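In what follows, a single structure is set out as structure tokens and then discussed.
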Amino acid sequence: MLIAPSLLSSDFSRLAEEVLRIEDAGADWLHIDVMDGHFVPNLTIGPPVVAALAKVARAPLDVHVMIENPLQWVEAYAKAGAHVWTFHAEAVDGVAGAREVIAACREHGIPKVGLALNPDTALEPWEELLDELDMVLVMSVFPGFGGQSFMPEVLDKVRRLRTLGFQGHVEMDGGLNGETLPLCAEAGADVLVSGSAIFGAPDVKQRITEFRQLAEAAVAANPS
Ligand code: DX5
Ligand code: ZN
């Protein structure tokens with residue numbers, strides 16, 4: 001079970017300190033939300049900031065790009081030091097478009113490639129790609145902002161991925177907290193992103209520990 005705090009909810013004026021603080025608190029991956037102001041109605045950070053974070057981070061950078069035309073940006077994020085690079089299905093031209101992006105990620109040596117699905121995007125049209133992916137990110141909110149409410153209906157996609165035998169990571173992102181995170185783990189997710197619930201906690205280490213215990217208990221109670 002991997003806990004991936006989203007730096008979107010960290011203090012952007014002290015990013016390096018926030019990275020060290022959250023790693024010391026037990027973060028497994030650092031989730032970085034890249035938004036371009038087009039694919040989503042918000043604008044956050046880009047390759048220079050990811051490259052700066054890579055210099056200070058010890059944990060893998062889990063870069064979630066909510067951008068149009070992801071193919072154009074693969075090389076820049078590879079050079080910046082992305083360990084996991086997840087692009088959106090809605091931003092490419094079908095399965096063929098996704099294959100081009102995956103191929104570019106392999107060519108540029110990004111260790112892991114993920115495909116993200118918005119809450120209203122069905123899994124079925126993308127299933128033929130599963131063997132080529134290291135991760136599927138099942139969004140449990142519409143991307144763009146932290147602090148939104150979890151949409152439980154997306155859990156069916158997580159269950160279906162595991163029923164299909166998908167062996168890669170299944171990440172969930174959006175609205176995870178002490179109540180919703182066990183549902184994600186029970187459904188088969190193994191990478192849990194949380195922004196506001198972790199960075200908003202009075203004690204981030206305690207919160208990450210609690211989340212890990214909740215997730216592991218949910219899996220133990222319902223082994224699949
Ligand atoms: C939403 C981002 C999420 C967000 C999660 O567009 O992809 O990673 O930061 O934040 P919370 O956990 O606050 O919903
Ligand atoms: Zn994200």
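Order of appearance sets the numbers: ligands from 1, and atoms from 1 within every ligand. Since we're looking at a predicted model, the values are computed, not measured. Counting begins at 1 with the first residue of the sequence.
Remark: distances from the non-hydrogen atoms of A197 to ligand 1 are all 4.0 Å or more.
Judged by distance alone, the side chain of R159 and the main-chain N or O of G188 form no donor-acceptor pair under 3.5 Å.
Among protein heavy atoms, the minimum distance from atom 13 (O) of ligand 1 is reached at S196 OG, 2.5 Å. Regarding atom 12 (O) of ligand 1, its nearest protein heavy-atom neighbour is G195 N, 2.8 Å. Nearest protein heavy-atom neighbour of atom 14 (O) of ligand 1: G175 N, 2.8 Å. Here the protein heavy atom with the shortest distance to atom 3 (C) of ligand 1 is D173 OD1, 2.9 Å. Regarding atom 11 (P) of ligand 1, its nearest protein heavy-atom neighbour is G147 N, 3.6 Å. Looking only at heavy atoms of the protein, atom 1 (C) of ligand 1 is closest to F145 O, 3.6 Å.
L30 and L20 sit in two unconnected hydrophobic clusters of ILVMFWY residues. Membership requires side-chain heavy atoms under 4.5 Å apart, directly or through other members. L183 is not connected to V193 by any chain of hydrophobic side-chain contacts under 4.5 Å among Ile, Leu, Val, Met, Phe, Trp and Tyr, and they are in different clusters.
If you take CH2 on W73 and CH2 on W85, they are separated by 10.0 Å, rounding to the nearest 0.5 Å.
Remark: the H64 side chain and the D173 side chain contain an N/O donor-acceptor pair separated by less than 3.5 Å. Under the 3.5 Å distance criterion, with hydrogens and angles disregarded, a donor-acceptor pair is assigned to the side chains of S6 and D33.
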What side-chain donor-acceptor pairs closer than 3.5 Å can you find for residues 108-124, not counting sequence neighbours?
{"residue": "N118", "atom": "OD1", "partner": "H88", "partner atom": "ND1", "Å": "3.4"}
{"residue": "T121", "atom": "OG1", "partner": "E90", "partner atom": "OE2", "Å": "2.5"}
{"residue": "E124", "atom": "OE2", "partner": "R160", "partner atom": "NE", "Å": "3.3"}

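With sequence neighbours left out, the side chain to side chain contact (heavy atoms under 4.5 Å, CB included) criterion links K79 to E75. For the side chain to side chain contact (heavy atoms under 4.5 Å, CB included) test, residues two or more places apart in sequence or in another chain that qualify with F12 are L8, S10, L15, I45.
Between M35 and ligand 1, no N or O atom pair is found at a separation short of 3.5 Å. Between S6 and ligand 1, an N or O atom pair is found at a separation short of 3.5 Å. For ligand 1, none of its N or O atoms has an N or O atom of M66 under 3.5 Å away. For ligand 1, none of its N or O atoms has an N or O atom of S194 under 3.5 Å away. Between G144 and ligand 1, a contact under 3.5 Å exists for at least one N or O pair. Taking any N or O of G146, backbone or side chain, none lies under 3.5 Å from an N or O belonging to ligand 1.
A salt bridge is absent between R99 and D93: the closest approach of a Lys/Arg side-chain nitrogen to an acidic carboxylate oxygen does not fall below 4.0 angstrom. In summary, R21 and D24 do not engage in a salt bridge, as defined by a charged side-chain N under 4.0 Å from a carboxylate O.
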message: Show, in sequence, the C-alpha distance, side-chain angles and deciding distance for D28 and I208, and conclude whether the side-chain contact (heavy atoms from CB on, under 4.5 Å) test is met.
response: CA-CA 10 Å; D28 296 296; I208 290 175; over 6 Å; no
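Listing protein N, O or S atoms at distances below 2.8 Å from the Zn ion (ligand 2), with waters left out, gives H31 NE2, D33 OD1, H64 ND1, D173 OD2.
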